[in-house]
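Sequence lines set the chain letters: A, B, ... in the order given, protein chains first and strands last, and positions in each chain run from 1.
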2 protein chains.
Amino acid sequence: MAQSKTAKQILDAAEALFAEQGFIETTMRQITKEAGVNLAAINYHFGSKQGLIQSLAEHFLKPFSEYIEQSLIERDALLDSSSLKMDELLELLMRALLHVNQESNHALLMFTRLLELAYLKSQEDLRLFIIGRYGSKLKPYIDLLRKQSALMEDDEFFWRLHFVMGSVIFTLSNYNMLSQIEKSKFDTQAEIERILHRMIPVLSAGMQARGDKLYFSRL
Amino acid sequence: MAQSKTAKQILDAAEALFAEQGFIETTMRQITKEAGVNLAAINYHFGSKQGLIQSLAEHFLKPFSEYIEQSLIERDALLDSSSLKMDELLELLMRALLHVNQESNHALLMFTRLLELAYLKSQEDLRLFIIGRYGSKLKPYIDLLRKQSALMEDDEFFWRLHFVMGSVIFTLSNYNMLSQIEKSKFDTQAEIERILHRMIPVLSAGMQARGDKLYFSRL
DNA sequence: TAATGTTTTAAACAAGTGATTGAATTTGCT
DNA sequence: AGCAAATTCAATCACTTGTTTAAAACATTA
């Protein structure tokens with residue numbers, strides 16, 4: 001058996017709690033209580049709390065990056081670099097995110113928490129782990145995104161990627177809390193889909209916008 | 001007794017540490033050690049750690065919102081709602097952020113941590129405190145932003161504001177860490193200024209982008 | 001069945017957290 | 001100066017964190 005019953009229960013409980021509260025805020029006692037297992041089970045099966053997080057990280061990042069890789073191959077985007085326009089590239093990204101979310105309805109938030117942890121918090125370990133493991137897999141996609149963006153220098157593109165990531169991560173992180181306040185939980189999956197789609201024309205316009213040199217001298 | 005020497009030292013140390021590490025990650029022992037005061041001083045002068053955070057919150061949010069209020073008055077934007085175009089509104093926002101940063105070079109990051117805490121973490125107390133205290137002051141600015149955006153429904157605008165906030169918060173949160181890695185700390189203030197200005201055309205295009213009818217039948 | 005390896009359990013550990021106390025000290029005022 | 005209020009201080013409290021331990025229970029297999 002590749003994965004014991006207890007380990008599976010821990011992963012499920014941790015996924016839900018991490019997605020809802022974040023990694024640091026979630027304690028091992030919460031996880032094990034929710035999972036109905038002993039406190040020591042996490043250390044026994046995953047070595048440490050960090051080990052549990054990394055285990056979950058692979059679980060979500062792998063299908064995500066593979067989905068993007070596969071999509072690019074299917075659509076021959078790697079041969080013809082102009083076959084996919086900006087809107088289509090972004091929609092592909094959104095589809096990849098939703099694909100991750102199909103495994104469980106917490107997956108997307110878990111995924112977001114991971115990036116949040118890797119980029120917002122000073123968690124250099126996890127950050128390097130993610131980049132080293134999935135950076136090369138995602139590079140072709142980034143390259144395509146670059147080609148469909150407005151003409152700009154490397155550092156300008158670098159920062160625009162941050163703007164895009166910020167929008168996605170921030171919005172999805174917030175969605176959880178906002179949905180509780182608005183109590184419009186009738187159809188979470190469809191609602192997330194709608195928000196992600198709202199981003200496409202906005203981010204597309206942003207990436208294609210001409211960088212205005214006027215501002216650099218004005219302030 | 002407007003502010004004792006000890007309280008001032010605590011505020012300075014807390015500002016630097018909070019900006020660098022975040023609120024939860026920074027302990028009272030770190031702050032008091034850095035400030036060269038006794039551990040109990042925080043509770044004596046601010047009641048609690050949360051009291052210290054709220055005190056700092058006011059210290060930064062007040063000049064920020066007042067700067068925006070004042071700028072709108074000076075430029076007669078409240079009388080003529082079309083006097084300021086989208087780019088100018090966003091530049092005004094960036095100027096307000098930089099204005100806050102003039103008091104100290106940690107101010108902008110502190111400011112960002114505050115919004116991060118209020119929006120990303122489930123800190124309902126601070127969230128309501130901020131909205132209740134500064135929401136009404138910033139409403140005129142939001143209204144102007146709305147008027148200069150593409151025609152859209154309320155919820156669409158609501159989410160686009162999130163996209164913008166996400167870009168700003170995420171990018172500024174990241175800047176601190178990235179600048180350490182790139183060790184290009186030659187001129188922090190100018191570098192932040194450059195990044196903020198990079199956002200203007202991107203965010204401007206995003207807010208003015210037409211919502212794609214393919215995804216929404218309502219608009 | 002008996003022995004062996006694996007898993008679960010309750011309890012405790014070590015290290016941290018923010019908050020509180022009461023005595024010592026400093027300060028401000030008449 | 002002297003007294004009262006304000007402030008500082010070391011010590012400690014009550015509590016939480018992730019982790020470890022060693023015995024108990026379970027599972028597997030020879």
*Could you check how far OH of Tyr44(A) sits from C1' of dA24(D), rounded to whole Å?*
14 Å
*asked:* Heavy atoms from C-beta onward define the side chain here; which of dA6(D), dT9(C), dG18(D) lies closest to that of Ala40(A)?
replied: dT9(C)
_Side-chain heavy-atom pair Leu145(A), Val164(A) within 4.5 angstrom cut-off_ = no
*Rounded off to whole Å, could you give me the CD1-to-P distance for the Ile31(A) and dT19(D) pair?*
11 Å
*5'-most contact on DNA chain D: Gly47(A) or Gln30(A), nearest heavy atom basis?*
Gln30(A)
*Quickly work out the Gln9(B) CD to dC9(D) P distance and round it to whole Å.*
10 Å
*Any idea which of dT17(D), dA19(C), dT8(D) is nearest the Lys49(B) side chain?*
dA19(C)
_Minimum heavy-atom distance between His106(A) and Glu15(A), given as atom pair plus value_ = CB-OE2, 3.5 Å
*Could you tell me whether a side-chain N or O of Ser55(B) sits under 3.5 Å from a main-chain N or O of Gly51(B), the two making a donor and an acceptor?*
no
_If you compare every side-chain N and O of His45(B) against the phosphate oxygens of dA6(D) (OP1, OP2), does one of them come in below 4.0 Å?_
no
_Heavy-atom donor-acceptor pair, Arg29(B) side-chain to dG16(C) base, under 3.5 Å_ = no
*Please report, rounded to the nearest Å, how far the C1' atom of dG18(C) is from the CE atom of Met28(B).*
6 Å
*Rounded to the Å, how far apart are Ile10(B) CD1 and dA19(C) P?*
13 Å
*Specify whether Phe18(B) and Phe23(B) have parallel, tilted or perpendicular ring planes, treating 30° as the upper limit for parallel and 60° as the lower limit for perpendicular.*
tilted
_Please determine whether a side-chain nitrogen or oxygen atom of Asn38(B) lies at a distance below 4.0 Å from atom OP1 or OP2 of dA10(D)._
yes
*Starting at CD1 of Ile42(A) and ending at C1' of dT17(D), how long is that distance when rounded to a whole Å?*
12 Å
*Give one of base, sugar-phosphate or nothing for Thr26(A), where a contact means two heavy atoms less than 4.0 Å apart.*
sugar-phosphate
*Please report, rounded to the nearest Å, how far the P atom of dG18(C) is from the CD1 atom of Ile24(B).*
11 Å
*asked:* Any side-chain to backbone donor/acceptor pair from Tyr119(A) onto Gly166(A)? Under 3.5 Å, distance only.
replied: no
_Spacing of Lys33(B) atom NZ relative to dT8(D) atom C1', expressed in whole Å_ = 19 Å
*With respect to the side chain of Leu39(B), which nucleotide from dA19(C), dT19(D), dT8(C) is positioned closest?*
dA19(C)
